[in-house]
Amino acid sequence: MIIVCPSCKRQHKVDESRLSDKVKAAKCVFCGHKFPIPKPGDVETEPPAVAEALPAAEATASSMRRIAVSLSKGGVGKTTTAVNLAAGLALAGFNVLLVDTDTQGQASYMLGVKPKAGLTELMTGELIPQECLVKARERLWLLAGGRALAGVKRLIARKDFRGEMTLSEALTPFEGQFDYVVVDTSPGWDVLTINVLFYVREVLIPVSLEVMTIQGLLEFSRSLASVQNYHRDLTLKYVVPTFLDKRVKQSEEILQQLTSYYNSRMCPPIRYNVRLSEAPGYGKTIYEYAPGSPGAKDYRDLVRRVAGNDELLS
Amino acid sequence: MDIMGALLKGEAPKITTEENDIIERLAFYLRRLEHRNAPDAAKDPQVFPVRPKDARPKKKVTYYLTKLIIQQLEKAQQKLAEAESEGIKLKISKSVIVETALRAALQELEAKGPRSRLHRILRDVCRRTKEAQPTAMTKPGEDVT
């Protein structure tokens with residue numbers, strides 16, 4: 001049953017079978033308004049149109065690119081890369097959906113938005129899919145993460161069958177509506193990361209140039225190979241060196257070694273840049289906060305590389 | 001078949017993909033990095049020349065010296081550093097010079113009492129101070145003659 005908040009007109013999906021007879025009212029997660037739950041016999045008006053209209057479903061399901069920004073090691077710049085890649089692609093004219101699967105939920109913080117709902121509500125089915133999205137920028141939609149995702153992990157873990165497909169099934173309504181779906185993952189190896197790898201077709205790995213990250217990359221590559229057993233379309237498409245500091249001798253050497261291993265999959269490096277760490281504090285992307293900085297230039301190069309068009313954002 | 005369980009436990013079957021070669025090379029490179037960064041147990045610890053520490057306890061104190069004596073002390077240290085004693089270059093700190101000179105004067109004062117050189121010099125200094133007009137302290141940067 002879909003009920004509509006009379007105050008903000010948002011739609012909520014409610015499982016009637018789980019409602020006891022004693023429950024008479026509901027509270028809107030968006031505006032906090034309490035209102036009586038309409039009985040099944042009541043005349044329900046047509047649900048209103050979604051406030052933020054999603055892009056027209058022009059792209060076909062097969063042309064919608066799904067990219068995971070992932071590595072089990074933390075602190076390598078996954079969220080920074082995911083947010084700036086998604087924002088860059090949106091600036092270049094593509095319709096982009098950024099999905100944050102991290103319990104820290106920092107993608108919304110970096111974009112300076114405070115969504116009332118996100119991936120949790122989508123996966124638990126509490127809200128209709130369109131209500132879970134927030135329009136963070138022009139052509140950029142966000143499906144926010146957050147602490148509540150910990151509960152979703154338990155929900156997936158309890159599933160006996162097709163637990164790895166939970167995210168894919170939840171994101172089905174957005175099929176073909178975007179040009180790119182960029183998925184930011186949390187560090188570590190858990191049920192949600194596995195779900196992400198079953199949903200996406202391309203993986204982008206940010207690698208900070210230090211020994212610990214090489215160890216993390218090795219472990220993650222092994223895990224990725226295991227997932228490829230079941231999901232043959234999954235490919236490691238991009239390796240993005242991050243925190244490049246030419247003053248550090250080892251970082252140059254590691255970059256050369258990685259380039260020799262990954263060849264064409266290596267992307268232009270993201271240099272260490274203080275503006276990249278300052279920008280989230282202002283809720284801005286690097287293109288908004290410091291468009292002339294080396295960080296912005298490097299992420300523009302990455303956007304061109306991912307989109308396969310050298311003319312973009314120039 | 002519990003795919004999720006197998007992936008979480010790392011029990012998923014391994015297949016040969018184009019990634020395998022890279023994984024192997026990456027593992028080899030990581031071992032090389034670890035080996036390079038590990039402290040070499042076989043190698044002797046590097047020995048740095050350490051100045052032998054004085055067994056006697058020392059204490060930092062502040063006494064006033066005239067600027068003239070400070071200049072002379074520095075000149076004496078330089079002279080001692082330039083001079084060679086039996087082919088060995090002397091490298092003596094100002095503290096050592098002050099301590100040695102003071103010890104010699106105090107030992108003589110203890111042995112000879114009022115006939116010691118230090119006693120006589122100090123007596124002259126006191127008499128001259130009493131006779132002379134009180135003088136002002138030298139200002140910072142003022143030449144001492």
Side-chain angles (χ1 to χ4, degrees), chain A residues 153 156-167 188-195 197-198 203 205 207 209-232 234-237 239 249-251 253-254 256-263 265-266, chain B residues 1-54 58 60 74 77-78 81-82 88-96:
Chain A
K153 288 184 190 181
I156 299 168
R158 279 198 217 114
K159 278 192 168 182
D160 296 327
F161 182 63
R162 281 176 70 86
E164 68 281 357
M165 298 306 288
T166 314
L167 181 72
W189 183 250
D190 58 18
V191 289
L192 214 46
T193 310
I194 292 172
N195 264 268
L197 294 177
F198 271 88
V203 179
I205 304 181
V207 182
L209 301 163
E210 52 188 20
V211 181
M212 290 277 277
T213 313
I214 301 299
Q215 201 269 337
L217 177 63
L218 179 62
E219 285 303 312
F220 186 71
S221 302
R222 284 176 177 149
S223 305
L224 202 64
S226 309
V227 175
Q228 282 169 328
N229 275 324
Y230 309 101
H231 181 23
R232 297 293 167 97
L234 182 69
T235 51
L236 168 55
K237 200 89 178 272
V239 176
K249 204 169 80 180
Q250 201 174 45
S251 116
E253 192 217 298
I254 293 175
Q256 281 174 9
Q257 285 292 338
L258 289 179
T259 310
S260 71
Y261 299 158
Y262 289 102
N263 303 313
R265 282 182 276 188
M266 275 302 269
Chain B
M1 182 186 180
D2 184 13
I3 295 173
M4 183 70 88
L7 288 171
L8 285 172
K9 289 174 192 161
E11 291 167 357
K14 302 276 181 289
I15 55 158
T16 308
T17 63
E18 56 176 320
E19 314 292 338
N20 283 60
D21 179 44
I22 295 174
I23 292 172
E24 289 305 316
R25 291 173 72 186
L26 210 57
F28 179 74
Y29 178 55
L30 181 67
R31 279 199 297 274
R32 225 173 69 194
L33 278 175
E34 286 167 347
H35 181 74
R36 194 194 303 166
N37 292 345
D40 198 346
K43 209 190 280 180
D44 285 333
Q46 209 173 352
V47 181
F48 293 102
V50 180
R51 211 163 75 174
K53 280 208 165 180
D54 199 337
K58 284 192 282 190
K60 191 168 185 174
E74 276 172 2
Q77 190 194 22
Q78 275 176 11
E82 285 161 12
I88 302 165
K89 279 215 164 190
L90 297 171
K91 203 174 177 184
I92 298 167
S93 71
K94 280 181 267 190
S95 295
V96 169

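Lettering follows sequence order; numbering is per chain, from 1. The analysis underlying the following values was restricted to heavy atoms, covering all of them including side chains, and did not include hydrogens, waters or symmetry mates. Keep in mind the model is a prediction, meaning the values are calculated, not measured.
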- Steps toward side-chain contact (heavy atoms from CB on, under 4.5 Å) verdict (A/T166, B/M4): CA-CA 11 Å; A/T166 314; B/M4 183 70 88; 6.0 Å; no
- Query: Given that the side chain runs from C-beta out, which part of A/L218 has a heavy atom under 4.5 Å from chain B: side chain, backbone, both or neither?
  - Reply: both
- Item | Set of salt bridge (Lys or Arg N to Asp or Glu O under 4.0 Å) partners for A/E219, sequence neighbours left out | A/R222
- Task: Below 4.5 Å from any heavy atom of chain B, which atoms of A/Q250 appear? Answer side chain, backbone, both or neither.
- Result: side chain
- Item | Residue part contacting chain B, namely of A/Q257, when any heavy atom lies under 4.5 Å | side chain
- Message: Less than 4.5 Å to any heavy atom of chain A: does that hold for the side chain of B/R32, its backbone, both, or neither?
- Response: side chain
- Of the non-hydrogen atoms in A/A225 and B/I23, which two are nearest, and what is the gap between them? CB-CD1, 4.4 Å
- Looking at A/L258, A/D190, A/I254, which makes the most heavy-atom pairs under 4.5 Å with chain B? A/I254
- Grab the two heavy atoms, one from B/L7 and one from A/F198, that are nearest each other, plus how far apart they are. CD1-CE1, 3.5 Å
- Query: Can you name the closest pair of heavy atoms from B/Y29 and A/I214 and give their distance?
  - Reply: CD2-CG2, 4.4 Å
- Query: Where do B/L33 and A/Q215 land on the side-chain contact (heavy atoms from CB on, under 4.5 Å) test, with the steps shown first?
  - Reply: CA-CA 10 Å; B/L33 278 175; A/Q215 201 269 337; over 6 Å; no
- What distance do B/D2 atom CG and A/E164 atom CD have between them, rounded to the nearest 0.5 Å? 8.0 Å
